[in-house]
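Nothing here was measured: the structure is a model prediction, and the numbers come from that model.
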Amino acid sequence: MKKLLFSLALLISFGCFAQKINKQNDGYTQVVNIESTKKEIHEKLNEWIIANYKAEEEVVQLNTEDKIELTHDFNIPLKVNTFLYDYMVQSKLTISIRDNKYKIDLTPLNVTHLSGNYDAGLVVIREFLFNDVLSKDEYLPISVNNLKEALINNGQSEEKARRYVQKTAAKLLEKSYANHKDNKPVWDKKITSTFQNIKDYVSQSVNDDDW
């Protein structure tokens, strides 16, 4: 019964204080309150790293009692037009630690198109860095800028990219926006699962001896 009540309390807490877009609008952040000392939180986080990364020495850049920084890569399928492609997102995961709380920050750094084996750039995921699915009016200027940037990254001149986008943006909007509505929940689920995985592991020690 005690474990059940504790689990329900965790679910309520996580539901009310889920990760949000950070102030820089380039990633996600969440502060987690927990009745544990800084040392206890740090120990659980190190156990989580060992449990989730085969070669932790290759992903951890900083590990002190106040902060842990590591590279966190994840794969995600995203729909482009009518096709589904796999992408690998390289991100920076930072966990700042204090007594009775810790803060998780996740910032995407780069995106790789796996089947094409090329650097796709952050332009692929920029439309997802919002707390909610965008309306069509909100999505249009972002889509235009992203398409223009993608064309320039692929070698087109800025003027040629601008003309192409101006000519085709309206035609591409319906299908592109449909992709956004399909892809955004998939992206959000992937981000949420990362945060939840950390929180579940750190919190499980609270009642380990309650048998």
Got [X] and [Y] here, is their nearest side-chain heavy-atom distance under 4.5 Å?
X: Thr71; Y: Tyr53; answer: no
X: Thr37; Y: Asp99; answer: yes
X: Ile104; Y: Gln19; answer: no
X: Val89; Y: Ile76; answer: yes
X: Leu122; Y: Pro108; answer: yes
X: Val202; Y: Val32; answer: no
X: Val111; Y: Met88; answer: no
X: Ser176; Y: Tyr139; answer: yes

Quick one: does [X]'s side chain have a donor or acceptor within less than 3.5 Å of a partner on [Y]'s backbone?
X: Asn22; Y: Gln24; value: yes
X: Asn179; Y: Asn183; value: no
X: Glu138; Y: Ser135; value: yes
X: Asn100; Y: Glu35; value: no
X: Glu58; Y: Ala55; value: no
X: Asn131; Y: Ile21; value: yes
X: Lys103; Y: Arg98; value: no

Would you say [Y] ends up clustered with [X] if hydrophobic residues are merged whenever their side chains have heavy atoms under 4.5 Å apart, either directly or through other cluster members?
X: Ile125; Y: Tyr85; result: yes
X: Val123; Y: Val186; result: yes
X: Ile152; Y: Val144; result: no

Nearest atoms (heavy-atom pairs only) where [X] meets [Y]:
X: Leu84; Y: Lys79; answer: CD1-N, 3.6 Å
X: Lys44; Y: Tyr201; answer: CE-O, 3.5 Å
X: Thr64; Y: Leu62; answer: CG2-CD1, 3.7 Å
X: Ala120; Y: His113; answer: CB-N, 4.1 Å
X: Asn110; Y: Gly121; answer: OD1-CA, 3.9 Å

Sole candidate of Ile198, Leu93, Ile68 that passes side chain to side chain contact (heavy atoms under 4.5 Å, CB included) when paired with Ile49: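 That would be Ile68; it is the only one of Ile198, Leu93, Ile68 passing the side chain to side chain contact (heavy atoms under 4.5 Å, CB included) with Ile49.
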Hey, what do you get for [atom1] ([X]) to [atom2] ([Y]), rounding to the nearest 0.5 Å?
X: Ser91; Y: Leu106; atom1: OG; atom2: CG; answer: 4.0 Å
X: Ile142; Y: Leu129; atom1: CD1; atom2: CG; answer: 9.5 Å
X: Asn63; Y: Glu65; atom1: CG; atom2: CD; answer: 10.5 Å
X: Thr112; Y: Gln90; atom1: OG1; atom2: CD; answer: 7.5 Å
X: Ser203; Y: Asn33; atom1: OG; atom2: CG; answer: 13.0 Å
X: Phe128; Y: His180; atom1: CZ; atom2: NE2; answer: 7.5 Å

Pair [X], [Y]: side-chain N/O donor-acceptor within cut-off below 3.5 Å:
X: Thr194; Y: Tyr28; value: no
X: Ser193; Y: Gln196; value: no
X: Lys92; Y: Gln61; value: no
X: Glu127; Y: Ser143; value: no
X: Asp105; Y: Thr29; value: yes
X: His42; Y: Asn46; value: yes

Please test Asn75 against Asp86 for side chain to side chain contact (heavy atoms under 4.5 Å, CB included), starting from the C-alpha separation and ending with a verdict. CA-CA 7 Å; Asn75 293 349; Asp86 289 325; 5.9 Å; no
So, Tyr87 versus Trp187, ring centres under 6.0 angstrom or not?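 No, they do not, as the ring centres are separated by 6.0 Å or more.
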Verdict with reasoning, Leu140 to Tyr177, per side chain to side chain contact (heavy atoms under 4.5 Å, CB included): CA-CA 8 Å; Leu140 178 58; Tyr177 183 62; over 6 Å; no
Run Ile97 and Lys67 through side chain to side chain contact (heavy atoms under 4.5 Å, CB included) and show every step you take. CA-CA 6 Å; Ile97 311 164; Lys67 182 179 292 187; over 6 Å; no
Residues Glu158, Lys148: salt bridge by 4.0 Å N-O rule: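 Salt bridge flag = yes for Lys148 with Glu158.
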Answer yes when Lys38 and Asp66 have at least one side-chain N-carboxylate O distance shorter than 4.0 Å, and no when they do not. yes
Is the NZ atom of Lys101 crowded by more than 12 outside heavy atoms at less than 6.0 Å?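 No, NZ of Lys101 has 12 or fewer neighbouring heavy atoms, counting only those of other groups under 6.0 Å.
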Between Tyr102 and Ser96, is a side chain to side chain contact (heavy atoms under 4.5 Å, CB included) present by the stated rule, with each step listed? CA-CA 5 Å; Tyr102 59 97; Ser96 306; over 6 Å; no
